[in-house]
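Heads up: the structure comes next, in C-alpha cells.
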Amino acid sequence: MARYNVKETEAKWQSTWEKRQCFAVRDFADKPKYYVLEMFPYPSGRIHMGHVRNYTLGDVVARYKRARGFNVLHPMGWDAFGLPAENAAIANKVHPAKWTRENIAAMRAQLKTMGLSYDWEREIATCDPDYYRHEQKFFLDFIKHGLAYRKESWVNWDPAEQTVLANEQVIDGRGWRSGAPVEKRRLSQWFLKITAFAEELLDGIDTLERWPERVRLMQANWIGRSEGAHMTFALTGGADLASASLQVYSTRPDTIFGASFCAIAANHPLTETLAAHNPELQAFVAECNRLGTSEAALETAEKIGFDTGLRAVHPFIEGHTLPVYVANFILMDYGTGAIFGCPAHDQRDLEFARKYGLDITPVVAPPEADAGAVTIGEQAYTGGGRMINSDFIDGMPVEDAKSEIIARLEQQGLGARTVNYRLRDWGVSRQRYWGCPIPIIHCPACGIVPVPEKDLPVTLPEDVSFDKPGNPLSHHPTWKHVDCPACGKKAERETDTFDTFFESSWYFARFCSPLADEPFIREAADYWMPVDQYIGGIEHAVLHLLYSRFFSRALKRCGYLKTEEPFAGLLTQGMVCHETYRDEGGRWLYPEETVQDESGNIVHAKTGRPVTLGRSEKMSKSKFNVVDPAKIIGSYGADTARLFMLSDSPPDRDLDWTDAGIEGAWRYINRLWRLVTEPALALPDPETPKPAEFSPAADAVRRLTHKTIAAVSEDLDRFHFNRAVARIRELTNALEGLKAGAGTDWALREGLEAATCLIGPMMPHVAEELWQRLGFTALLADTPWPEADQSLLADENVTIAVQVNGKLRGTIELAKDAAQEDAKAAALQLPRVREALENKPPRKVIVVPNRIINVVV
RNA sequence: GCCCCUGUGGCGGAAUUGGUAGACGCGCUGGACUCAAAAUCCAGUUCUCGCAAGGGAGUGGGAGUUCGACUCUCCCCGGGGGCACCA
C-alpha cells in the first residue's frame, strides 16, 4: 500500500469541502447556535506560528461543535487598517490599499492550506468602505448620545509613529508598537466616553464565568475603582484668588486631621493660572514635564514641590490653613489632580513632608499600639486602627471615621462621598492616513459640524503622497477642503482617522450579517451574539477586549444591539516559543548558522566560535528564532502542524516549538494511515452486524474504545486538547496490538472508526481520507460525533491498591463493587501484608471501594 | 512595592479534584529487519542500593492536618506576568 500522500490528500479534501460548501452557515436553524471566533489577523502578508496555533484551536472547537449538532458560525476577516501599510508605502512606494489587498490575498491562500472550517462567504476587511462607513455612522450616534466628545488635553504622543496613543497603548512609558518613549502633548482630540460605563464594565466582569481569572483581574485593575470623597478647600493668600477654592480627592478622608499640606499637579488649571505671571513656577512646571512619568524617571525622581504661597483652609480646624504646593508626583488625570497630604499615613506624603519640613501628625493608632506613643519613622502607617489627635472622630475605627467625616463634609457643603476610577476616556484620534476618516467638518463659523448621514461614507482619497512626514490627508491638495454642511461657507475636513481598535471593537457583530447594507441585521445579531467562544492572545487582555466590551454597551445604548458582553467564553492561548542562539558578542544567530562539533559543543558553522544556546523565547524576527509555517505545512502538511500545536502543551500555556515534536506528529499520522490501510486483521464492511461473542482481548479493546469516546468528548468540552490527543494515541496503541480472536476484527473496525472520528477535528484531512477508506460515502465533516456505549464504560473487574501504613504493598483484582468485607479479607491475605502484620491484627483497615485499601499496623 | 500565575523524570506534560505519581509524546539505551542506511517493529527508560527477588527515596524547600498529600493549611525560595508616585 502506498505511503500517505499529504499534499494530494490535503488539497483534495480542501477542495471537496469548498465545493460542497460544507462550512457555509445559515442564520437560524432548529439546532442550537454556537459562535466560535479567533481574533482576526492583521494582514502582514504571511501567517506565523501564533496564527497557526490560534486558528487550529478555533478550528478544533468549530469542527467538534459542528459534529455535536450545533449550528456553528466560524468566520474569518482582516483587521486591515494600520501603520505597517503606511510604513510599507513609505519604504516601497506602494499604496497602502494595494499592499493590504495583496497581503490579504496571500494570507487567505496560506490559511486555506490549513484546512480551516471557515465560512469564507462572510469574510470582511475593515479597510473596505462598506465596513468602515458604519463606524462613521456609529460615531455620529455616539456624539448624539454623549458618548463621543472633543476636548483639548494632554495626550501621549508617539514621536516614532507621529501620532497620539491611547493610555492602554502606552506600556512602561513607551509606544506599544514603536517602543519609542512617549511624549506629552496638548492637543485637541476625539474621545469615546468609556468612563460612562466604568461601573458596568467592572460589574460585568463577574458575569464572565468562562473567562480566565487573570484577564478578569487585569481588567478590574485597569478600571481601578476606589471609594473616597471629594472635598473642597477654600483658598486664601492670593490676592486675585481669594474667592477660589480647591477640590481634592482622597480615599482617606478620615486622616484629614493629620493633613499638613495640599498639592496640585503641574498641569492643573490652577497651576497654569498661577504660572501665567510667575516665571519661577513656569520653570518648575517645565522641569516636571521634562522628567515625564516613565518608570525609569519615577524610580529615581525625588519628590519635589513648589510653594505657591496660597493657603488652603482646613474644613474642621478653626483658623488653620495648609500650604499649597505644586508637586511633581501629583497626576492631573487621576481624581481631581489635587490632594491633601497626610504624611503620617501615606508614604509619598511622608517623603514630601520630610523634604520640606512639614508637620507629621499621626491620626491613626494601630490596634496593638498605645495611643499616646504612636510615632512615625521611615514608613508611613497605612493600616487600620483607631483615630487619635482627631477631635470629634477620636477613638473611632478608620471605617467609621471615614463615614463620619464624609457626613460632616456633606452637611457643610464642602464635599461628598465619591467613587473614583482609574479608567480614562478612550482617545481615538490618530494622525494617520490608513484608517477610517473621522466624519467631521471644522467650520470657521459653525465650529465642529458632523458630516450629515446622507454624505457618508467619507472615503479615503486614493491619490496620496507619503513624501512628506506627517499625515498625507492634511497634505492632500483638495480632499480636506469642503463646504460647511451647515452654512455652506468654506470649511475643512477633520484629517485625523480612528484608532484601529475602533474597527476591531465590533467586527464580531458584523460577522452576523457581513453583507448587509445596514451595520447589523438585528435578527441575525440577536441570534448569533454573543460569541460563545473567543480565542486569542493574552496581549489583548485589556486593550481590545475592554474596548469591545465598551463598544457593545455603546451600540446597545444607540439601539443597534442587545448584547452587553460580546464574548461569553474566552480562551487565551500561550505564545509559540523556540530556542535562541547567540554568538560570543551576544548577537542572535539563526539555528542553521550553528553546528555541533566533535565534542558535542554548539559552535558557529562558519567561524567555529562558541555559541550559547539561549532559553526558548517567543518567536520573533529580531531573535532569529522564527519557524515559517508555510515550510512546515509544505513538507509535513497541515495536519502535522495542527497535531503538534495541540498535543504538546495545554492551549493557555506557552508552547515550545521543536523539530522532534513535529517529527513525532508526522510519525503518528503515518501509523494511523498504516493501521487503516494495512490492517493486521481483515476489516469487515461497515454494515457487518455485531458478532455475538468477543474474546477477552476484543472485549477489552471495545471497552477502551468507548471509554476513549467518552473521555475525549469531555476533554474537548474543556479544551484539554493535549489530553484528548494522548487518549486517542492510547487507543491507537491498543488497536495496533490486537491479535486474531473472536470478534477482534469487528472490534478493530469499531476502534478505527472511533479513532478517526475523534481525531477528525484536529487532523481533518487525514481523518477524512481514512473515513473514506473505511468504506463510508458520507463526508466525515458531515458525520455526527460518536456516542459512547454506556454499558461498556464500567469495568467488571477493578484493580485495588493495597497499602500498609500508606505505602503500596501490592494490588488485588476484584469484581467491581465487591463487598467491603471480601475486599478487606483479600487484602489481608497478600503475603507482603501478612509479613508486615507479623500475625498481629491490624490496628485499622481503611477500605475505599473499588480504589484502595490501607492497612494500618 | 502591590496583585496574579507557576514549580512533577533528561525534556513537553498526565494524575478521575485527598486514594497505585510519571498517562501520552519527545529523547535516550539495547535488539530485530537490512550489504548498509533511512523507515518500521520489539524491549527498556524517575533516582538510588541489589546479580536477582526486593528495599529505600521522590512532585522547589521546611513544617502541619490526615489511615493516606503533587492535591488542603502556614512559612520560605525560584521562574513568569500584570499594575505602579492612582492620593
Side-chain angles (χ1 to χ4, degrees), chain A residues 3 171-172 212-222 224-226 228 248-253 255 262-263 265 293 295 297-299 301-303 327-331 333-342 345-349 351-352 420-424 538-539 541-542 615-616 643-644 647-650 652-665 667-668 670-671 674 711 714 720 722-733 736 799-811 832 842-857:
Chain A
R3 251 174 81 107
I171 315 289
D172 290 340
E213 187 56 29
R214 60 177 179 145
V215 175
R216 306 202 304 175
L217 260 162
M218 281 162 73
Q219 292 215 351
N221 288 339
W222 190 265
R225 184 183 198 273
S226 72
V248 306
Y249 171 72
S250 175
T251 56
R252 293 295 302 273
T255 63
C262 283
T293 49
E295 185 181 15
L298 293 178
E299 265 174 23
E302 209 183 353
K303 285 173 184 48
N328 66 338
F329 65 98
I330 307 302
L331 305 173
D333 34 31
Y334 186 79
T336 61
I339 61 146
F340 76 77
C342 176
H345 304 291
D346 182 287
Q347 191 59 31
R348 294 154 304 177
D349 297 347
E351 287 168 32
F352 191 77
N420 191 57
Y421 296 92
R422 204 190 81 110
L423 183 70
R424 278 162 261 154
I538 184 81
E539 67 272 18
V542 175
R615 62 169 213 172
S616 190
L643 181 65
F644 172 70
S647 60
D648 245 43
S649 285
D652 52 345
R653 274 204 230 176
D654 287 353
L655 174 82
D656 245 324
W657 177 272
T658 60
D659 295 341
I662 272 289
E663 291 282 349
R667 264 200 298 273
Y668 178 68
N670 284 290
R671 274 174 82 171
R674 283 193 301 271
E714 206 184 302
H720 292 167
N722 56 329
R723 293 203 300 199
V725 172
R727 293 197 152 111
I728 299 168
R729 291 183 97 130
E730 251 175 304
L731 175 60
T732 319
N733 291 347
E736 278 177 337
T799 309
I800 297 173
V802 180
Q803 299 181 332
V804 175
N805 291 339
K807 286 198 185 243
L808 185 69
R809 285 293 180 262
T811 58
R832 293 178 53 209
R843 285 209 305 200
K844 199 174 176 186
V845 179
I846 288 118
V847 181
V848 182
N850 300 325
R851 200 153 278 174
I852 202 164
I853 294 169
N854 192 9
V855 181
V856 186
V857 294

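Worth knowing before you read on, the calculation uses all heavy atoms, side chains too, and leaves out hydrogens, waters and symmetry mates. Chain naming here is simple, since letters A, B, ... match the order of the sequence lines and numbering starts at 1 in each. Everything numeric in this text was worked out from a predicted model, so none of it was measured.
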Would you classify Ile330(A) as touching base, sugar-phosphate or nothing, given that sugar-phosphate means primed atoms plus P, OP1 and OP2, and contacts are heavy atoms under 4.0 Å?
-> base
Quote, to the nearest angstrom, the C1' distance that separates G68(B) from G19(B).
-> 7 Å
May I ask which nucleotide in the shown strands pairs with C67(B), Watson-Crick or G-U wobble, both distances under 3.5 Å?
-> G19(B)
Identified pairing partner of U34(B), criterion: Watson-Crick or G-U wobble below 3.5 Å | none
Any donor-acceptor pair under 3.5 Å between the side chain of Asn221(A) and the base of C83(B)?
-> no
Under 4.0 Å between a side-chain N or O of Tyr249(A) and OP1 or OP2 of A87(B)?
-> no
Listed partners of Phe644(A) passing ring pair (Phe, Tyr, Trp, His ring centres under 6.0 Å), at least two apart | Trp657(A)
Taking only N and O in the side chain of Lys844(A), is any of them less than 4.0 Å away from OP1 or OP2 of C67(B)?
-> yes
Can you give me the N/O atom pairs linking the protein to nucleotides 20-25 of chain B at distances under 3.5 Å, or say none if there are none?
residue: A23(B); atom: O2'; partner: Glu730(A); partner atom: OE1; Å: 3.4
residue: A23(B); atom: O2'; partner: Glu730(A); partner atom: OE2; Å: 3.0
residue: G25(B); atom: OP1; partner: Asn733(A); partner atom: ND2; Å: 3.4

P atom, G60(B) versus A14(B): distance in rounded Å?
-> 14 Å
Compare the minimum distances between each of G19(B), A87(B), C85(B) and the side chain of Ser250(A), then state the nucleotide with the smallest one.
-> A87(B)
Reckon Arg674(A) has a side-chain N or O less than 4.0 Å from the OP1 or OP2 of C41(B)?
-> yes
Please tabulate, one pair per line, each protein N/O and nucleotide N/O from nucleotides 53-56 of chain B that are separated by under 3.5 Å, including the distance.
residue: G55(B); atom: OP1; partner: Arg832(A); partner atom: NE; Å: 3.2
residue: G55(B); atom: OP1; partner: Arg832(A); partner atom: NH2; Å: 2.5
residue: G55(B); atom: OP2; partner: Arg832(A); partner atom: NH2; Å: 2.9

Under 4.0 angstrom, heavy atoms only, what part of the nucleic acid is Arg653(A) near: base, sugar-phosphate, or nothing?
-> sugar-phosphate
Sugar-phosphate, base or nothing in reach of Leu217(A), heavy atoms under 4.0 Å | sugar-phosphate
Is Val848(A) touching bases, backbone alone, or none of the nucleic acid, heavy atoms closer than 4.0 Å?
-> base
When the P atoms of U6(B) and U16(B) are considered, how many whole Å apart are they?
-> 15 Å
